[in-house]
Novice: 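One structure coming up, written as structure tokens, with questions to follow.
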Amino acid sequence: RFTLSGVSITSPVDSNGSNKQDPHVGQEDENTDRGNWSSKREYMLSMIGYAVGLGNVWRFPYLAYKHGGGAFLIPYTIMLAVAGLPLFFMESSFGQFCSQGPINVWKAVPILQGVGITMMLVSTFVAIYYNVIIAYSIYYLFASCQYPLPWSAKDCNSTGLLDCFFSKEARNEFTAGQSPSEKYWDEVALQRTSSMNETGPVVWHLALCLLLAWILVGAALFKGIKSSGKVVYFTATFPYVVLFILLIRGVTLEGAKDGIEFYIGSKSNLTKLTDSEVWKDAATQIFFSLSIAWGGLMALSSYNKFYNNCYQDSIIVCVTNCGTSVFAGFAIFSILGHMAHVYQRPVSEVADAGFGLAFIAYPDALSKLPISPLWSILFFVMLITLGLDSQFAGIEVIATCLQDAYPKLLKSKRGIVTTAVCIVLFLLGLPCITRAGIYWVNLIDTFCAGWILLVAGLLEVLGLSILYGGNRFIKDIEMMIGSKSALFWLWWRACWFFITPVVLSIILVWSLYTFTSPTYGSVAYPDWGISLGWGMTAFCLIWIPILAVWKRIKEACSPTEDWGPYLECHRGERYGTRGATDPNIFVISNKFTTRL
């Protein structure tokens, strides 16, 4: 559509220059180029599913226990208010306002377009290993379909998984060192080698589980948000059902009270609040738990209708995410308390985080319950659904960036794009399911899902509040949600202009200062592995300065808008009116194109 001499004319060609109707765009969609969510409910479930991930279950409860129990909620809540919520609101508003993915949104501040590329690359690296974690969960789900559970056996080897049961002798083995569930994880599930230097062959049962994981992701995203929006009705809600069931079962077990006391009970230690590491961990957990600076928030919100209340959505999603973390802790520690009672050991000696909780400690605890396969199946289905929701958004970031970059070519080929992305990432993930695969997973997690996101988040808030203009951004938001009072914006201005950048800067400096080379358990990484990790970090970040320099050079080498014949009567249509600002009439460039 263009306007010329007061006459309005509608072009049969859409704004991307393509006359093909995207089959994945509904008739009621406001945005006929990219489509919109079929309903507000699907968007909210997708955002909650994206924000609520594995970290809410296997990291937050452990941090709360480690840093003073209930006292940890104080810095956690404060960091939510000063860092998590302001950035979440900023990103979702940013994507919704321009209806573009994490790269194209930076048309607002072109010099920072490299930040968008960094977000996409981080999402790509994370998607590679995140689906491997889902593959682990799928394998354990299949392994749970037998009684007794294979990791309850004393000799966890591939030829005699069911030859013996958990016994007093096995309990003594745990006391001495390695538990049966830990042996099963290392020797059967992973078939782990002694170091990253010993790659070993592909573990085929994990390869098949990884293939199944990518098939699930590809099928759910084949039609973009139109199909994934339907899947999240199950994947975003089922974890809450399982957590509730596990909590009810857990609190009825002997020893559950001790676990909850250690988690968030009367043994809370307020003196921990004087420890700077507590505040750093609280801020880091909030930042990563809400999936800030990954690009997914922008990608998902870009499919909203323009007048959607993104402020209200941000509050709901953030509060739900943090409430889920606290709620999950009760379900986890009630059963760990029972496990400690069975082993007659302190809760502190059975509590763990990450892989140790999800695939060793908690499965071990579940194996002590009556009808243990049922509880194990529920738990691993929950892990799978938690992982899939986050994975959906990660792949959506990649597909959205590709379609935004090549709209004419890829607009009507969403299924092909999704399938191609899944195939490529499956192949790239094969090193992660070799016998040294867990070392690769841990390496990518350390170097690609760590402080790179802090850099991207810091540049994001500085770019919008200073370069683009915080007040200008607020006016943009008011175009979507309506005018608000100056008092309403007082807190957001304080955060965006000062508090949030300062908090992120402190966390970033502290993280770099305290950085140590990663290890997996007691296994150190070889020098080439550490170098490779830093290489991945550099590859993700280098696009920020490269794009910034390129944009400056390109701008310096292009004619200015007032270039051309001085007199208006000589400029004609080729150069347009001097000082014209309406992009729908003319675009002045060195290729003297006329935009219709």
Novice: Can you list the steps and then say if Asp389 with Ser46 is a side-chain hydrogen bond (donor to acceptor under 3.5 Å, both in side chains)?
Specialist: CA-CA 7 Å; Asp389 283 332; Ser46 296; over 6 Å; no
Novice: Please report, to 0.1 Å, the donor-acceptor pairs under 3.5 Å made by any side chain of residues 115-124, with sequence neighbours excluded.
Specialist:
unit_1	atom_1	unit_2	atom_2	d
Thr118	OG1	Gly114	O	3.1
Thr118	OG1	Cys540	O	2.6
Ser123	OG	Met119	O	3.1
Ser123	OG	Trp294	O	2.6
Thr124	OG1	Met120	O	2.9

Novice: Step through the shown structure and confirm whether more than 12 heavy atoms of other residues, nucleotides or ligands are within 6.0 Å of NZ on Lys230.
Specialist: yes
Novice: Is the shortest side-chain heavy-atom distance between Asn131 and Phe426 below 4.5 Å?
Specialist: no
Novice: If you look at every heavy atom in Trp496 and Pro86, which pair is closest and at what distance?
Specialist: NE1-O, 3.0 Å
Novice: Would Ser92 and Asp313 count as having a side-chain donor-acceptor pair, cut-off 3.5 Å?
Specialist: no
Novice: Sequence neighbours excluded, which residues qualify as salt bridge (Lys or Arg N to Asp or Glu O under 4.0 Å) partners of Asp476?
Specialist: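 Per chain and number, Asp476 pairs via salt bridge (Lys or Arg N to Asp or Glu O under 4.0 Å) with no residue.
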Novice: Check the angle between the aromatic planes of Phe327 and Phe244 and answer parallel, tilted or perpendicular using the 30° and 60° thresholds.
Specialist: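 The arrangement is parallel - the two ring planes meet at less than 30°.
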Novice: I need the minimum non-hydrogen distance between Ser227 and Ala220, along with the two atoms involved.
Specialist: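 Closest approach of Ser227 to Ala220: OG-O, 2.6 Å.
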Novice: May I ask you to check whether over 12 heavy atoms, not counting those of Trp492, lie within 6.0 Å of atom CH2?
Specialist: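 Atom CH2 in Trp492 is packed in, count exceeds 12.
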Novice: If every non-hydrogen atom of Phe473 is compared with every non-hydrogen atom of Met90, which pair is closest and at what distance?
Specialist: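 Taking every non-hydrogen atom into account, CZ-O, 3.6 Å.
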Novice: After noting the C-alpha distance and the side-chain angles of Lys107 and Gln100, does the key distance pass the side-chain hydrogen bond (donor to acceptor under 3.5 Å, both in side chains) rule?
Specialist: CA-CA 10 Å; Lys107 290 179 179 179; Gln100 294 288 294; 4.6 Å; no
Novice: For the residue pair Arg472 and Tyr468, would you count it as a cation-pi contact if the rule is NZ or CZ under 6.0 angstrom from the ring centre and within 45 degrees of the ring axis?
Specialist: yes
Novice: Please check if any side-chain donor atom of Tyr43 sits under 3.5 Å from a side-chain acceptor atom of Ser38, or the reverse.
Specialist: no
Novice: Validate the cation-pi geometry between Arg414 and Phe222: distance from NZ or CZ to the six-membered ring centre under 6.0 Å, angle to the ring axis within 45°.
Specialist: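 Not flagged: Arg414 not positioned over aromatic ring of Phe222.
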Novice: What I want to check is whether the side chains of Asn304 and Asn36 have a donor and an acceptor closer together than 3.5 Å.
Specialist: no
Novice: Under a 4.0 Å N-O cut-off, is there an ion pair linking Lys484 with Glu478?
Specialist: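 Judged by the 4.0 Å cut-off on N to carboxylate O distance, Lys484 and Glu478 do not form a salt bridge.
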Novice: Mind listing the closest non-hydrogen atom pair of Gln285 and Phe60 along with its distance?
Specialist: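 Shortest heavy-atom separation between Gln285 and Phe60 comes out as NE2-CB, 3.7 Å.
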Novice: Please list, one pair per line, the donor and acceptor atoms closer than 3.5 Å that link side chains of residues 450-464 to other protein atoms, with sequence neighbours excluded.
Specialist:
none

Novice: If you count every heavy atom of other residues, nucleotides or ligands that lies below 6.0 Å from Tyr233 atom OH, does the total exceed 12?
Specialist: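 Count over threshold, so yes.
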Novice: Indicate whether the side chain of Asn56 and that of Thr324 have a donor and an acceptor atom separated by less than 3.5 Å.
Specialist: no
Novice: Quick check: closest heavy atoms across Leu85 and Ser314, and the distance to 0.1 Å?
Specialist: CD1-O, 3.7 Å
Novice: Indicate, with yes or no, if the rings of Trp106 and Phe94 have centres closer together than 6.0 Å.
Specialist: yes
Novice: For Pro239 and Phe234, work out which heavy atoms get closest and say how close.
Specialist: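 Of all heavy-atom pairs spanning Pro239 and Phe234, the closest is CD-O, 4.3 Å.
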Novice: Measure the shortest side-chain to side-chain distance between Leu87 and Phe287 over non-hydrogen atoms and say whether it is less than 4.5 angstrom.
Specialist: yes
Novice: Does atom CD1 of Ile542 have more than 12 heavy-atom neighbours, drawn from other residues, nucleotides or ligands, at distances under 6.0 Å?
Specialist: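 Open.
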Novice: More than 12 heavy atoms of other residues, nucleotides or ligands under 6.0 Å from CZ of Phe306: is that the case?
Specialist: yes
Novice: Determine whether the aromatic ring centres of residues Tyr311 and Phe488 are separated by less than 6.0 angstrom.
Specialist: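 Centroid distance Phe488-Tyr311: below 6.0 Å, so yes.
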Novice: Does any non-hydrogen side-chain atom of Met382 lie less than 4.5 Å from one of Tyr240?
Specialist: no
Novice: Judged by modelled atom types alone, do Ser302 and Arg34 share a side-chain donor-acceptor pair under 3.5 Å?
Specialist: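 Side chains of Ser302 and Arg34: pair found under 3.5 Å.
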Novice: Is there side-chain contact between Ile128 and Val132, with at least one heavy-atom pair below 4.5 Å?
Specialist: no
